[in-house]
Amino acid sequence: MTAPNVRVRFAPSPTGLLHVGNARTALYNWLFARRTHGVFLLRIEDTDLERSETRYEDQLIEDLRWLGLEWDEGPGQPAEATGEMGAYGPYRQSERLAVYAEHTARLLAEGKAYRCFCTQDELEAERKTAAAVNGPQIYSRRCLNLSPAEIEANIAAGKHFAVRLRIEDHPLRFHDMVRGPVEFAAEAVSDPILVRSASGVSAGVPVYNYVVTIDDALMGISHVIRGDDHISNTPKQVAIYQTFGWKVPEFAHLSTILGADRERLSKRHGATSISTFREMGYLPEALVNYLALLGWGAEDGNTETFTLNELTQAFSLERVTASPAIFDFDKLNWLNRHYLKQTDPARMAALAWPYFAGRFEHLDQATQHLLGPWFGRLLALFLPHVDHLDQLPAKAAPIFGYDLEAACANEENIAVLAADSARTVLGELGGYVRAHNGRVTPDVFKEWMNEIKAATGIKGKDLFHPVRIALTGAHSGPDFDKVLPLIEDGAELALGISSVRDRIEQFVGV
RNA sequence: GGCGUUAUGGUGUAACUGGUUAACACGUCGCCCUCUCAAGGCGAAGAGUCCGGGUUCGAGCCCCGGUAACGCUACCA
């Protein structure tokens, strides 16, 4: 597939953390660019000086890179770096104010835009009047035909003015790759404000709808792929393209991502920002895969797992759904487990280590290197039991030791231990342990269990559960064959892990 | 209120230009494996496609009319 002139952009405002909705927009832009051998650029929309923060920009950049979505043009990394990539910069809107001013002057000179001296109160009154008769809220154009003399007089009187675009009276149409042709009546648009009036904090700063359009046009954006909350803004932007005589690009408006209650996904639904998912121990490939599937399906209708590379082959904007999607943590977890299983041990160890560091009394004394293979085995054993990495320490905790009192106080454990058979089994096992020298290997252990079974006739759960509690403090967990050597080897690592022998003796002693 | 967008099992998606019993995945449930919990294997239930009309031999796909949800309706982005 070749479309030589494809240029797309991801244009977030650095006013908060990158959340899954925006990340998905970034992903689709990136995929479309890669698929068509086009250019993907990053532009920072920081015209809201009050809310924009550099730390958010840095975080944004870090998150994008973590996801693997590199951009071809845009700000350098991190934000402080002066070097930008690309010939269409600057890529931060706060650095493009002169460009906007120049365009505004042109519009004013050509009579395509006009100064509006109406105050906020006057406009508010107009809106109320319109609302009273259930009419559309359209600006009255009171300032459209002011004479040059009146304008001068107003300015001389120190009156502040905003700049409005004069909307021509014809329908505003655009094409949306996911929704098809869209049309708005001109009267639905009203004459939009382009530049804020000189009162207030954001004095004379051009508004969003105006600057995106200028930037998209000047940066040669061929396809505007963004959230569908912009769909009603699009006619205004189309009008701006037209008054400048610029080619209107293709649009693709992506549906909203909702929470389980069909409300817009927000913090109260759980994790929503990319950095939070990262901290929780989700793999970027899982997140990317999941996000891709949220609003898009492969052509074969079957494949669910895609690497970023496979996605660039399979992705197409035409197959993106227009309907809103509900974020399903279960499916994300399934994908994360899928990728966790595929991750090679070295990467796994590196990723998992931070979750253990400092979590256990003696673990930080040991280096990861010292633990090496042992740590790897620990991970291999518990990985199938977690959805994301931060659950690992809790799952693996029994290997490091357990709280004897808490274990004995646990209701399910009490039920198990109350049986006569449990006392018998543990008594027998205590005997074997005391008579044994050296480490307890799985073979030795298995022999003991067989002998106890033969001698007492106790088997199955009655046999194993009490032993499991004595060893790990819980009646369930991975196979003894795996757990025993981990404990025994761990006991030799000076981590403060007590051996199988110690555990049983201590437990039986109670 | 105005304008716009959307509508297939609990969830995400499929279903070629209208054509057999609406498919796949997650989740759920059951079975197998097993001392247990996961993992893995096998299987099942779950929608008749928002509602009501219409066109057609035939409609999830086309047309008309509703309803609901969401978005915009800002000198926020």
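First the proteins, then the strands, lettered A, B, ... as listed; each starts at 1.
Distance Y208(A) OH to rC76(B) P: 14 Å, rounded to the nearest Å. Distance, F327(A) CZ to rG27(B) P: 15 Å, rounded to whole Å. In this entry the distance linking CD1 of I326(A) with P of rG9(B) reads 10 Å, nearest Å. Taking atom CD of E126(A) as the reference point, atom C1' of rC75(B) lies 14 Å away to the nearest angstrom. Rounded to whole Å, the distance from CG on L265(A) to C1' on rG71(B) is 16 Å.
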Assess the residue pair M348(A) and L389(A) against the criterion (side-chain contact (heavy atoms from CB on, under 4.5 Å)); give the C-alpha distance rounded to whole Å, side-chain angles, the decisive distance to 0.1 Å, and a yes or no. CA-CA 9 Å; M348(A) 201 60 255; L389(A) 265 22; 3.6 Å; yes

What do the steps show when you test R92(A) against E45(A) for salt bridge (Lys or Arg N to Asp or Glu O under 4.0 Å), and what is the final call? CA-CA 6 Å; R92(A) 271 184 213 97; E45(A) 313 230 313; over 6 Å; no

Candidate pair F32(A) and H223(A), rule ring-ring contact (aromatic ring centres under 6.0 Å, His included), full reasoning: CA-CA 9 Å; F32(A) 183 69; H223(A) 301 257; 4.8 Å; yes

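For the pair R127(A) and rC75(B), the criterion of a side-chain N or O lying under 4.0 Å from OP1 or OP2 is met. Proximity of S197(A) to the phosphate of rC75(B): no side-chain N or O atom is located under 4.0 Å from OP1 or OP2. Between rG71(B) and R264(A), a contact under 4.0 Å exists linking OP1 or OP2 to a side-chain N or O. Distances shorter than 4.0 Å separate some side-chain N or O of Q137(A) from OP1 or OP2 on rA74(B). Put simply, R262(A) has no side-chain N or O that comes within less than 4.0 Å of OP1 or OP2 on rG71(B). Between R196(A) and the phosphate of rA77(B), there is a side-chain N or O to OP1/OP2 separation shorter than 4.0 Å. Taking only side-chain nitrogens and oxygens, T47(A) comes nearer than 4.0 Å to OP1 or OP2 of rA77(B).
Considering only side-chain atoms of I193(A), the nucleotide from rG27(B), rA25(B), rC75(B) that sits closest is rC75(B). Of all nucleotides listed (rG4(B), rC70(B), rC24(B)), rC70(B) comes nearest to the side chain of E263(A). Between rU13(B), rG10(B), rA14(B), one nucleotide has an atom nearer to the side chain of R319(A) than all others, and that is rA14(B). Proximity note for E45(A) (side chain, C-beta onward) versus rA77(B), rC24(B), rG12(B): the nearest is rA77(B). Listed nucleotides: rA77(B), rC3(B), rU6(B). Nearest to the side chain of V207(A): rA77(B).
The residue S190(A) sits apart from the nucleic acid: no heavy atom pair falls under 4.0 Å. At the heavy-atom level, N233(A) lies under 4.0 Å from base atoms of the strands shown. Nucleic acid contact for L123(A): base, since at least one base atom lies under 4.0 Å from a heavy atom of the residue. Within 4.0 Å of L294(A), counting heavy atoms only, lie sugar-phosphate atoms of the nucleic acid but no base atom. Residue contacts shown for H253(A) are absent, as no nucleic acid heavy atom lies under 4.0 Å away. At a threshold of 4.0 angstrom between heavy atoms, the contacts of G227(A) with the nucleic acid are absent. Heavy atoms of A325(A) sit under 4.0 angstrom from primed sugar atoms or phosphate atoms, though from no base atom.
Both tests do not hold together for R43(A) against F10(A): distance to the six-membered ring centre under 6.0 Å, angle to the ring axis within 45°. Remark: R35(A) is not positioned above the aromatic ring of F315(A), lacking an NZ or CZ atom under 6.0 angstrom from the ring centre and at most 45 degrees off the axis. A cation-pi geometry, defined here as NZ or CZ lying under 6.0 Å from the six-membered ring centre and within 45° of its normal, holds between R164(A) and Y139(A).
Here the CD1-CG distance, from I61(A) to L42(A), works out to 6.0 Å after rounding to the nearest 0.5 Å. A distance of 16.0 Å separates OH of Y290(A) from NE2 of H338(A), quoted to the nearest 0.5 Å.
rC29(B) and rG19(B) have their P atoms separated by 37 Å, with the value rounded to a whole Å. A distance of about 12 Å separates the C1' atoms of rG9(B) and rU28(B), rounded to the whole Å. Across the C1' atoms, rA25(B) and rC64(B) are found 36 Å apart, a figure rounded to whole Å. Taking atom P in both rC61(B) and rU8(B), one finds a spacing of 13 Å when rounded to whole Å. The same atom, P, is picked in rA45(B) and in rG53(B); the two are 31 Å apart, to the nearest Å. Here the separation of rG48(B) from rA22(B), taken at their C1' atoms, is 7 Å to the nearest Å. A gap of 27 Å separates the P atoms of rC26(B) and rU21(B), to the nearest Å. For the P atom pair drawn from rC50(B) and rU11(B), the interatomic distance equals 13 Å after rounding to whole Å.
Remark: R179(A), F184(A) in residues 169-186 of chain A come within less than 4.0 Å of RNA chain B through at least one heavy atom.
Summary of the strand contacts: R24(A) and T119(A) both lie near RNA chain B, and taking for each the nucleotide with the nearest heavy atom, the more 5' one is attributed to R24(A). With the nearest nucleotide of RNA chain B identified for both D46(A) and L293(A), L293(A) has the one nearer the 5' end.
Applying side-chain hydrogen bond (donor to acceptor under 3.5 Å, both in side chains) to H253(A) and the options T25(A), D176(A), D229(A), D228(A) leaves one that passes, D176(A).
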Nucleotide-resolved protein contact map, nucleotides 33-44 of chain B, B/S/- at heavy-atom distance under 4.0 Å: --BBBBSS----

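Listed for the R24(A) side chain is a donor-acceptor partner under 3.5 Å among the backbone atoms of L294(A). When atom types are taken as modelled, the side chain of T472(A) and the backbone of A474(A) share a donor-acceptor pair closer than 3.5 angstrom.
For a distance-only test at 3.5 Å, the side chain of T256(A) fails to qualify as a donor-acceptor partner of the base of rG71(B).
Glycosidic conformation of rG4(B): anti, with the torsion beyond 90° of 0.
Taking 4.0 Å as the cut-off between side-chain N and carboxylate O, D215(A) and R9(A) do not count as a salt-bridged pair. Between D479(A) and R468(A) there is no salt bridge, since no side-chain nitrogen of the basic residue lies less than 4.0 Å from a carboxylate oxygen of the acidic one.
Ring pair Y402(A)/F507(A) is tilted by interplanar angle, where 30° to 60° counts as tilted.
Between the side chains of D46(A) and S94(A), at least one donor N or O lies within less than 3.5 Å of an accepting N or O.
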Fill in the dot-bracket string of RNA chain B, one character per base: . for unpaired, | for a pair to another strand, ( ) or [ ] for pairs within the strand, taking Watson-Crick or G-U pairs under 3.5 Å. (((((((..((((.....[...)))).(((((.......))))).....(((((..]....))))))))))))....

